[in-house]
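These notes are about the structure you will find just below.
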Amino acid sequence: MSSSEGAPESWISSFCSLMGHEFFAEVSEDFIEDDFNLTGLQSQVPMYKEALEMILDVEPEEDEDEDEEEEEEEDEDELLGDEKLPGYRRAGDRRHTRVASDLSVIESSAELLYGLIHQRYITSRPGIQQMLEKYEMQHFGVCPRVYCNGCKVLPVGRSDTPGQETVKLFCPSCQDLYTPPNSRFHSVDGAFFGTTFGCLFFMTFPDLDIGPRLDSSLVSPARSSTVNNQVSPDVPPAHQPVEINGVRTANFCPGLGLGKIYESRIYGFRVSERSRTGPRMKWLRMKPTDVEELNEMARYEAARREADNDGDTEMGAAPAGGAQNSAIAKRKKAPMRRRRYNPDQMSINGAEAG
């Protein structure tokens, strides 16, 4: 394959342009040529050297022994003339046969090696920036869940070991994983994206808007009325902060919570959870109405201040009407008295002391 300018297309570009490889980012050759980025991969990939040469489009180096053997055979050809023995083949022909037989193995090793390099590359600064561009252009698709309203998803893996599971799609709106709807992605290894990339991506870009992506006319507008004696989830409390611990509160699982859980109904009546066909594990989709309950740092500081106040009260003067608490505190601080030994008492085994 060649580009419009006539230059041959690189192996990396041709690999990423294959059908089913749309999720992959093109790893820069500078990243691959850095030996530090490839630490530990040599033991995981068979024919590592040949696979790396194929990825970088480097011609394999010929061994010196084979070169000397080829030169000796050329000298023998000059002495023997054109006459050749039956079954005679030159060293170059034998090497060409060996490379042709191992080509498929090298190709599969190169795909495995590139996938493992890709897992590390998308967690680096240039790699995660490249994946951000693909995410904003919606190259990975949207969440199939109705209540997520077309939230864009991200490819992730459930294991960092190759050959365990295929790639999955992570939705930041409902915090769940889905199998890609297109079957051409079902053969892509999930280890080529890894378990770190999904969470690291949204921690690196906390300002991303992961709200509804559908047309505003298709999404129900905000309502101030009550449904089934419950406050509408579209109207959050007025005291909600804009962000908590550097994360926008609007990105806290917008696809979950009250009104975002499917209710099983028959003729308008909800099906009981005790029924055989009733809803199961609805708590997985629940979300607190007040996002301040998710602020673990504020809860920790409040508990710490409360503990400090309790300690100050015990060390300081007792408040009015707290004489009993003061006496209890004094008993706690009183030194322990050791019981003196009395030879007239019974021994532990019940026998009298002699």
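Computed from a predicted model, the values in this text were never measured in an experiment.
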Could you pull out all donor-acceptor pairs under 3.5 Å where a side-chain atom in residues 123-130 meets a protein atom, sequence neighbours excluded?
unit_1	atom_1	unit_2	atom_2	d
Thr123	OG1	Arg120	O	2.8
Ser124	OG	Tyr121	O	2.5
Gln130	OE1	Tyr121	OH	3.2

Between Ile32 and Leu56, does the side-chain contact (heavy atoms from CB on, under 4.5 Å) criterion hold? Intermediate values first, please.
CA-CA 8 Å; Ile32 301 177; Leu56 296 175; 3.8 Å; yes
Pair Leu52-Val45, side-chain contact (heavy atoms from CB on, under 4.5 Å): steps then yes or no
CA-CA 10 Å; Leu52 185 60; Val45 180; over 6 Å; no
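At least one donor-acceptor pair under 3.5 Å links the side chain of Arg145 to the backbone N or O of Gly255. At least one donor-acceptor pair closer than 3.5 Å links the side chain of His186 to the backbone N or O of Pro180. Between the side chain of Gln175 and the backbone N or O of Pro172 there is at least one donor-acceptor pair closer than 3.5 Å.
Taking every heavy atom of both residues into account, Cys171 and Cys148 meet most closely at SG-SG, 3.7 Å. Between Pro181 and Leu169, the shortest heavy-atom contact is CD-CD1, 4.2 Å. In terms of heavy-atom proximity, Lys260 sits nearest to Pro254 at NZ-O, 2.8 Å. Of all heavy-atom pairs spanning Ile122 and Phe193, the tightest one is CD1-O, 3.6 Å. The minimum heavy-atom distance linking Arg158 with Lys168 is given by the pair CG-CG, 4.3 Å.
Using modelled atom types, one finds no donor on one side chain facing an acceptor on the other under 3.5 Å when comparing Ser272 with Ser275.
The aromatic rings of Tyr114 and His118 lie tilted to each other, with the angle between the two planes from 30° to 60°. Ring orientation note: the planes of Phe24 and Phe15 are nearly perpendicular, at an angle over 60° on the 30°/60° scale. The aromatic rings of Phe23 and Phe140 stand perpendicular to each other, their planes meeting at an angle above 60°, with 30° marking the opposite boundary.
Counting heavy-atom neighbours within 6.0 Å of Arg299 CZ, excluding the residue itself, gives a total of 12 or less.
Phe197 has its ring centre less than 6.0 Å from the ring centre of Phe201.
Taking a cutoff of 4.0 Å between a charged side-chain nitrogen and a carboxylate oxygen, Glu22 and Lys134 do not qualify as a salt bridge.
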